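Structure first, commentary second.
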Amino acid sequence: MQKIAIVTGASKGIGREIAKTLAINGIKVIANYNKSENEAIKLKEELEKENINIEIFKADISKREDVKKIIEYVINKYGKIDILVNNAGISQYKLFTDITDEDWDNMIRNNLYSTFYMTQETVKHMIHEKSGCIINISSIWGMVGGSLETHYSASKGAINAFTKALAKELGPSNIRVNVVAPGIIDTDMNKKLTDEELKDIENETPLGKIGKPSDIAKCVNWLIEDEFTTGQIISPNGGWVIT
Ligand code: NAP
């Protein structure tokens, strides 16, 4: 029976590549997007040329009511959710002393509440199936902290702790919960970095390069296929961060 996966934030960057990889591997993908409708349509059309059909679904997953809509849609149509990839996220570069209440709320809402809502609404159905795989995309900054990104680091660190706790709670229901914590990956999120800054990062990285979205998609794919890994933080980062 075909596996059903929801990938959040699949219109761009890492999420787009994860959605593509899973779909190419025969999984039915529901690719969530919010603002970037054209990019989501392009992804669907690109895959259609290869006779692969994905669904795209607009939802602002920082809102519980939107999350309920996407889950309801998938359950009504497919009856189950095998895989949830909580990838959608935002970042912001700001001095800690300049961060406003609004910045803080926005970060926690988009990165952490979204993961909480999506996971809670999905898990109800996974428990019923006694099977499931949840992959949360956090960041190296959630592990070691990023200067000028305290609110981002806090949101990602919370996702790491959330994952470990949930893995313990859901293991007996045969649901695996893991984190993929990327290093610096070449996406729009890093547009703010200058060529010089990127070069510096490459020079400081043991593998001598920054990552590509496909590096993260491969890791997600491995976690889906694996059957004995849960509660873990796997960090494809070229060796830039070794804990
Ligand atoms: P990106 O290119 O900026 O893409 C972000 C994606 O998240 C977009 O598809 C966006 O959708 C979606 N999104 C944001 N808020 C959303 C919301 N409320 N509802 C639905 N979708 C939402 O970023 P990326 O680099 O691919 O990052 C993907 C994930 O990897 C993030 O969680 C990020 O924190 C993490 N990460 C990235 C890096 C990196 O170096 N790039 C490193 C570590 C971790 P729309 O545009 O359609 O709104």
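As the structure lists them, so they are numbered: ligands from 1, and atoms in each ligand from 1. Note that the coordinates shown come from a computational prediction; the quantities given were computed from them, not determined experimentally.
- Using modelled atom types, one side-chain atom of Asp82 and one backbone atom of Ile4 make a donor-acceptor pair closer than 3.5 Å.
- The N/O atoms of Ser139, backbone and side chain alike, include none that comes under 3.5 Å of an N/O atom in ligand 1.
- Residue contacts with ligand 1 include Lys156, since one of its heavy atoms falls under 4.0 Å from the ligand.
- Counting only heavy atoms of the protein, atom 48 (O) of ligand 1 lies nearest to Lys35 N, 2.8 Å.
- The only member of Thr119, Thr163, Thr122 that meets side chain to side chain donor-acceptor pair (under 3.5 Å) when paired with Asn86 is Thr119.
- Expressed to the nearest 0.5 Å, how far CD1 of Ile184 lies from CG of Leu193 amounts to 6.0 Å.
- Listed by number with element, the atoms of ligand 1 under 4.0 Å from a non-hydrogen atom of Ser11 are 8 (C), 9 (O), 11 (O), 45 (P), 46 (O), 47 (O).
- Note: an N/O pair closer than 3.5 Å links Ile61 and ligand 1 by distance alone.
- The two residues Thr21 and Ala217 come nearest to each other via the heavy atoms OG1-CB, 3.4 Å.
- Note: an N/O pair closer than 3.5 Å links Ile185 and ligand 1 by distance alone.
- Taking only nitrogen or oxygen atoms, main chain and side chain alike, Ile90 does not reach within less than 3.5 Å of ligand 1.
- For the pair Ala40 and ligand 1, no heavy-atom separation below 4.0 Å is found.
- Considering Ser235, Ala88, Gly211 only, the shortest heavy-atom separation from atom 13 (N) of ligand 1 involves Ala88.
- At distances below 3.5 Å, not a single donor-acceptor pair connects side-chain atoms of Lys94 with backbone N or O atoms of Thr150.
- Applying the ring pair (Phe, Tyr, Trp, His ring centres under 6.0 Å) criterion to Phe162, with sequence neighbours excluded, gives no partner residue.
- The single protein non-hydrogen atom nearest to atom 27 (O) of ligand 1 is Met189 CE, 3.9 Å, given as residue, atom name and distance.
- The 12-atom threshold is not exceeded at NZ of Lys209, counting heavy atoms of other residues, nucleotides or ligands nearer than 6.0 Å.
- Across Gly89, Ser91, Gly13, Ala181, heavy-atom proximity to atom 5 (C) of ligand 1 is greatest for Gly89.
- Looking from atom 1 (P) of ligand 1 to the surrounding protein, the closest heavy atom is Lys12 CE, 4.2 Å.
- Using a 4.5 Å cut-off on side-chain heavy atoms (C-beta onward), Ser131 and Ile175 make no contact.
- Heavy atoms of Tyr152 approach ligand 1 to within less than 4.0 angstrom.
- If you number the atoms of ligand 1 from 1 as listed, the ones under 4.0 Å from a heavy atom of Asp60 come out as 17 (C), 18 (N), 19 (N).
- Using bins of under 30°, 30° to 60° and over 60° for the plane-to-plane angle, the ring pair Phe57/Tyr73 lands in the tilted bin.
- With hydrogens left out, the protein atom closest to atom 37 (C) of ligand 1 is Ile14 CD1, 3.7 Å, a heavy atom.
- Counting only heavy atoms of the protein, atom 6 (C) of ligand 1 lies nearest to Gly9 O, 3.8 Å.
- Looking at Asn110 next to ligand 1, an N or O pair under 3.5 Å apart turns up.
- The ligand atoms of ligand 1 that sit less than 4.0 angstrom from a heavy atom of Asn34 are 19 (N), 20 (C), 21 (N), 45 (P), 47 (O), 48 (O).
- Between Ile216 and Val180, the closest side-chain pair of non-hydrogen atoms falls below 4.5 Å.
- With Ile201, Asn86, Ile216, Asn87 as candidates, the residue nearest to atom 28 (C) of ligand 1 on a non-hydrogen basis is Asn87.
- Using 4.0 Å as the threshold, Gly183 has a heavy atom nearer than that to some atom of ligand 1.
- Lys192 has its side chain within reach of Ser91: a pair of non-hydrogen atoms, C-beta onward, lies under 4.5 Å apart.
- For Pro213, the heavy-atom gap to ligand 1 stays at 4.0 angstrom or more.
- For Thr8, the closest heavy-atom approach to ligand 1 does not fall below 4.0 Å.
- Applying the ring pair (Phe, Tyr, Trp, His ring centres under 6.0 Å) criterion to Phe116, with sequence neighbours excluded, gives no partner residue.
- For ligand 1, the atoms lying closer than 4.0 Å to a non-hydrogen atom of Ile184 are 40 (O).
- The OG atom of Ser62 lies 10.0 Å from the CG atom of Asn111; values are rounded to the nearest 0.5 Å.
- Listed for the Asn190 side chain is a donor-acceptor partner under 3.5 Å among the backbone atoms of Ile185.
- Within the listing of ligand 1, atoms 20 (C), 21 (N) sit less than 4.0 angstrom from a heavy atom of Asn32.
- Considering backbone and side-chain atoms alike, Gly15 places every N or O at 3.5 Å or more from each N or O of ligand 1.
- Annotation for ligand 1: atoms under 4.0 Å from non-hydrogen atoms of Ser138 are 35 (C), 36 (N), 43 (C), 44 (C).
- Per-residue contacts place Tyr33 under 4.0 angstrom from the following atoms of ligand 1 (heavy atoms of the residue considered): 47 (O).
- Remark: minimum distance from atom 25 (O) of ligand 1 to any protein heavy atom is reached at Thr187 OG1, 2.5 Å.
- Between Met126 and Gly132, the shortest heavy-atom distance links the atoms SD-CA, 3.8 Å.
- Counting heavy atoms closer than 4.0 Å to ligand 1, residue Asn190 contributes side-chain atoms (C-beta onward) but none from N, CA, C or O.
- Which parts of ligand 1 touch Ala59 is read off a 4.0 Å heavy-atom cut-off, strictly below it: atoms 19 (N), 20 (C).
- Within the 4.5 Å cutoff, no side-chain heavy atoms of Gln92 are placed close to those of Glu149.
- Of the protein's heavy atoms, Pro182 O, 3.4 Å lies nearest to atom 43 (C) of ligand 1.
- When only non-hydrogen protein atoms are considered, atom 46 (O) of ligand 1 lies nearest to Ser36 OG, 2.6 Å.
- For the pair Arg176 (side chain) and Gly231 (backbone), a donor-acceptor distance under 3.5 Å is absent.
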